[in-house]
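Right, I'll just put the structure down here and ask away after.
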Amino acid sequence: MRIGIGYDVHQLVPDRKLWLGGIDIPHTHGLMGHSDADVLLHAICDALLGAAALGDIGQHFPDNDPQYKNIDSKILLSRTNQLLLNHGLRVGNIDSIIVAQKPKLAPYIPQMRQTIAHLLSIDLAQVSVKATTTEHLGFEGRQEGISAHAVALLLPLTLTQQ
């Protein structure tokens, strides 16, 4: 078994869509970034890459590479999963948390979990997504940005799973 952690943060800005967990969330602001700035999928990518000792998201999908400008982070997560498979590893489970004062995310979590499970070709029971506020403390509490943390467990592929 291999375990990795991931973290990402992006600033909230007007005139951008808010993408979290591969879902377009209705909100007055979105996250600024080179890609669609989906902090949850980015944190999961980093957790997976870290568990596999394959570097980080910036190494594989650098923000100074024009091919990743405005890219859908679902593509990045799918490509990360393929890297794992190429290295003989599969996802055991993901546990993650989004830190945001607003919007309320509970209604969107089931769809996020389904999207992530689909992208990683794993069962829904292997994906946990939670959300919390900071009770108005820090940059998330002031609604300046959103962050996400993720932990991933990787397992070796067996001959029957390849």
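Note that this is a predicted model, so its numbers are computed, not measured.
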So, for P103 and L18, which heavy atoms are closest and what is the spacing to 0.1 Å?
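Looks like CD-CD2, 3.8 Å.
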Quick one: list whatever passes ring pair (Phe, Tyr, Trp, His ring centres under 6.0 Å) with Y7, sequence neighbours left out.
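Scan of Y7 (ring pair (Phe, Tyr, Trp, His ring centres under 6.0 Å), adjacent residues dropped) gives H149.
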Does any non-hydrogen side-chain atom of L48 lie less than 4.5 Å from one of L120?
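Yes - at least one pair of side-chain heavy atoms lies under 4.5 Å apart.
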Please collect all salt bridge (charged side-chain N to carboxylate O under 4.0 Å, His left out) contacts where either partner lies in residues 12-31, sequence neighbours excluded, each pair once.
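Checked against salt bridge (charged side-chain N to carboxylate O under 4.0 Å, His left out) - neighbours excluded - the pairs reaching residues 12-31 are K17-D24.
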Taking Q126 for the side chain and G92 for the main chain, is one N or O donor matched with an acceptor at less than 3.5 Å?
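The answer is yes, because a donor-acceptor pair under 3.5 Å joins these two groups.
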State which residues pass salt bridge (charged side-chain N to carboxylate O under 4.0 Å, His left out) with D56; sequence neighbours excluded, sorted by chain then number.
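Expected list: none.
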Under the rule for ring pair (Phe, Tyr, Trp, His ring centres under 6.0 Å), what residues qualify as partners of Y108, not counting sequence neighbours?
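Per chain and number, Y108 pairs via ring pair (Phe, Tyr, Trp, His ring centres under 6.0 Å) with no residue.
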Any side-chain heavy-atom pair from L40 and S96 closer than 4.5 angstrom?
yes
With a 4.5 Å limit on heavy-atom distance, are the side chains of M1 and L153 in contact?
yes
Do V151 and I94 touch side chain to side chain, with heavy atoms closer than 4.5 Å?
no
If you measure only the distance, is there a donor-acceptor pair under 3.5 Å linking the side chains of S147 and E140?
yes
Do side-chain atoms of T134 reach the backbone of L137 as a donor and acceptor pair under 3.5 angstrom?
yes
Not counting sequence neighbours, list each pair that qualifies as a ring pair (Phe, Tyr, Trp, His ring centres under 6.0 Å) and has a residue in residues 38-91.
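For residues 38-91, and leaving out neighbouring residues, the ring pair (Phe, Tyr, Trp, His ring centres under 6.0 Å) pairs sorted by first residue read H10-H42, F61-Y68.
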Testing the basics here: between V127 and R113, what is the closest heavy-atom pair and its distance to 0.1 Å?
O-NE, 2.7 Å
Close side-chain approach of L84 and R90, heavy atoms under 4.5 Å:
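Sidechains of R90 and L84: no contact.
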Taking the side chain as every heavy atom from C-beta outward, state whether L31 and I146 have any pair of such atoms under 4.5 Å apart.
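Of all side-chain heavy-atom pairs linking I146 with L31, at least one is under 4.5 Å.
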Is there a donor-acceptor contact under 3.5 Å from the side chain of R2 to the main chain of A51?
yes
Is the shortest side-chain heavy-atom distance between L124 and I116 below 4.5 Å?
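They are not in contact (no side-chain heavy atoms under 4.5 Å apart), so the answer is no.
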Please check: side-chain N/O of D36 versus main-chain N/O of W19, any donor-acceptor pairing under 3.5 Å?
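Not a single qualifying donor-acceptor pair exists.
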Run through I109, L105, L41, V129 and flag the one making a side-chain contact (heavy atoms from CB on, under 4.5 Å) with L20.
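Between L20 and the candidates, side-chain contact (heavy atoms from CB on, under 4.5 Å) is satisfied uniquely by L105.
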Under the salt bridge (charged side-chain N to carboxylate O under 4.0 Å, His left out) definition, can you give me all pairs with a residue in residues 121-130, not counting sequence neighbours?
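As it turns out, the salt bridge (charged side-chain N to carboxylate O under 4.0 Å, His left out) pairs with a partner in residues 121-130, which skip direct neighbours, are D95-K130.
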Any heavy-atom pair between the side chains of L89 and L157 that's under 4.5 Å?
no
